[in-house]
Amino acid sequence: MSTTAITALLDSWLNRQLADDAAAWLRETLQRSELDGAGTRALFIAFSLTGRRCGRVDLLVNDSDKKAADAARPLWNPSGWSLDQVVRTRLVLAIPATEPRVWLTIMDQLFAAAGLEELVALYQALPLLPHQALLAPRIAEGLRSNMTAVFNAVALNNPIASEQLTIDAWNQLILKALFVNSPVKRIVGAERRANGVLAQMLIDYARERYAAKRPIPVDLWDAARPGCDARQRVDLDQLQASASAVTP
Amino acid sequence: MKLIDPHVHMSARTTDDYEAMRDAGVVAVIEPAFWVGQPRTTLGSFQDYYASLIGWERFRAAQFGIRHYCTMGLNSKEANNEALAAEVLEILPLFASKDGVVAIGEIGYDDQTPAEDKVFRKQLELAKELKLPVMIHTPHRDKKRGTARSMDVCIEHGLKPSSVIVDHNNEETVKECLDRGFWAAFTIYPKTKMGNERMVEVVRTYGKERIIVDSSADWGVSDPLAVPKTARLMLERGIPKDQVEATCYGNAILAYGPSGQFNESDWLTPASIDQRMLFEGNSVLRGQQPKIEDRVTKGLIS
Ligand SMILES: [Zn+2]
């Protein structure tokens, strides 16, 4: 994965969809940020103004765009992104990254002052950033969020969690997704990272819901099954049968 | 009837309040940055507070189908901690230029000290630079003089009265405020500010032009249903419907709309990204018929 390939792809989409004045504004912002030393001040302000300058319509992506995205960054899927999110990602990718610690400090500042829409854009862009190995604490922070939109930006349609999280953190991610009703099907890498501990956590959770006569999240069964051993599979099937007898 | 509460500190309120407001027809709220009931002692507390106004609180409101906006500013009480105030003014521009920030406010005077005056003026300059309206908090004590002085200083700094919303008006201040071309907002607040019966008479006397009703509900004894209750009382007491709509909905859009951050289409026809981000997975339907609940049908506020 290379930042150059990703920015080239983002630029090609923006060329296609951005209005002339917005495109000119973005070009000028990027040039100015290159000129003024560390260059971040112009970027910070531009980051806030992006929605107003560029609009917030959905990014148009066709099949070949999706292929190109996957080629530039494996498992990246930009479907469901909006235009301002693409521009914000483009701006973040312009932050100088040669010094990893300096870069991380700038990123942390950007997160600390971000509004809801900006947080979603930032977390969604994590898999495209340089220094992926430095991002585990940030991923965890996003997954702790009580704002479902922020949690979803890390958890759904985003390959970084399955690549960077420890097994315990990963298992918590799946369980939390079920708790907050996020569609587990859209979590990238779930099949690959399935494990027996997670299966047991999900079986226990299903039992707890069943005992409390509460509905069991429909995604739970498929999320638990790949990690089950033979005994767990029997438990899971029994639970699913009794649960569906109560709530068909 | 759709309603807006253009001054309410939702961070201090419960989800019950959000639910009641939604049921009573409130579609959008503006939360001015203010103090939190006790003075903050570090810059970080301000930074996290400002971030919560554009993040967590926006999300919380959306769960109830209410669109949340805010104003950014350093309030007059905390302006008196001069060293900290200087630091806050440094970071303020960053937050003031965020999406959904509809004004600089609430700013103005509390004890009318020199420190308050300095911070007030600096923020008027910031509003000019960012082309944002200003929301003025007028003092509780020495109100009439403090209100006049707030307007004088705005003019002195070259602001147009039409871009300044003067809040916490009463019968003694409204005339000057309107005569000079400013927006006159009224806080319906039990005991200390306006009651809603008095508000009805203000609208009867002055009409709908540039008059705005709000609750300023916060962590004190206050009422998050003040706007719905007042709208209802106005209708019952024979105020024409267009005047009720203007003072409890439309005027807020006219006053804060010039920020470019407060558009009726945001809540009438939200962008699809907003629907995914803000309203995904909750059962609140956009554009549903608001129902006026029992708790509204009671309630005089006096
Ligand atoms: Zn207030």
Side-chain angles (χ1 to χ4, degrees), chain A residues 40-60 79-88 108-124 142 144-153 156-157 177-183 186 217, chain B residues 15 31 43-63 67-70 72 88 90-102 129-132 258-263 265-266 269-284:
Chain A
T40 47
R41 194 184 149 74
L43 282 175
F44 265 64
I45 292 168
F47 192 76
S48 295
L49 297 176
T50 299
R52 275 161 265 182
R53 295 294 189 152
C54 303
R56 311 179 64 225
V57 297
D58 290 350
L59 175 71
L60 304 170
S79 315
W81 282 36
S82 59
L83 201 55
D84 63 303
Q85 291 173 341
V86 178
V87 174
R88 287 191 160 116
D108 285 345
Q109 287 166 344
L110 207 48
F111 274 95
L116 177 59
E117 293 82 354
E118 296 171 357
L119 285 173
V120 170
L122 285 169
Y123 278 109
Q124 186 177 267
R144 264 193 294 273
S145 176
N146 240 343
M147 296 178 252
T148 321
V150 173
F151 172 82
N152 284 347
L156 306 183
N157 258 340
L178 291 167
F179 260 83
V180 301
N181 276 320
S182 288
R186 286 171 52 203
Chain B
T15 52
E31 174 153 9
L43 181 64
S45 326
F46 278 95
Q47 183 164 339
D48 291 341
Y49 172 72
Y50 293 146
S52 77
L53 294 184
I54 52 174
W56 171 238
E57 206 53 44
R58 189 174 293 177
F59 172 77
R60 223 162 69 92
Q63 288 182 294
R67 202 72 192 214
H68 182 280
Y69 301 83
C70 64
M72 286 292 170
V88 174
E90 281 280 300
I91 63 161
L92 199 57
L94 181 60
F95 288 98
S97 52
K98 296 287 181 184
D99 287 334
V101 176
V102 302
E129 185 193 327
L130 299 177
K131 299 189 176 64
L132 284 174
S259 66
Q261 297 299 298
F262 196 63
N263 306 302
S265 59
D266 293 353
T269 52
S272 56
I273 183 66
D274 288 344
Q275 295 188 25
R276 288 196 293 277
M277 213 157 34
L278 296 171
F279 305 113
E280 189 172 52
N282 87 56
S283 55
V284 176

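Throughout, a chain's letter reflects where its sequence line sits, starting with A, and its residues are numbered from 1.
- Counting heavy-atom pairs closer than 4.5 Å to chain B, the top residue among A/T50, A/V57, A/N146 is A/N146.
- When heavy atoms are compared at a cutoff of 4.5 Å, A/A112 approaches chain B by way of both its backbone and its side chain.
- In this structure, no portion of B/E57 lies under 4.5 Å from any heavy atom of chain A.
- Taking A/V120, A/V180, A/N181, A/V150 one by one and counting their heavy-atom pairs under 4.5 Å with chain B, the maximum is reached by A/V120.
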side-chain contact (heavy atoms from CB on, under 4.5 Å), that's the test. Do A/Q85 and B/M277 meet it? Break it down for me. CA-CA 12 Å; A/Q85 291 173 341; B/M277 213 157 34; 4.3 Å; yes

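- Of all non-hydrogen atoms in A/G80 and B/I273, the two that sit nearest each other are O-CD1, 4.2 Å.
- Checked by atom type and distance alone, the side chain of A/R52 pairs as donor or acceptor with a backbone atom of B/K98 at under 3.5 Å.
- Among the candidates B/S272, B/A271, B/P93, the residue making the largest number of heavy-atom pairs closer than 4.5 Å to chain A is B/S272.
- Interatomic distance, A/S48 OG to B/I54 CD1, rounded to the nearest 0.5 Å: 7.5 Å.
- Taking the charged nitrogens against the carboxylate oxygens, A/D58 and B/R276 do have a contact shorter than 4.0 Å, which makes a salt bridge.
- Using a cut-off of 4.0 Å between Lys/Arg side-chain N and Asp/Glu carboxylate O, B/D99 and A/R88 are scored as salt-bridged.
- Contacts of A/E117 classified as salt bridge (charged side-chain N to carboxylate O under 4.0 Å, His left out), with partners at least two apart in sequence or in another chain: B/R58.
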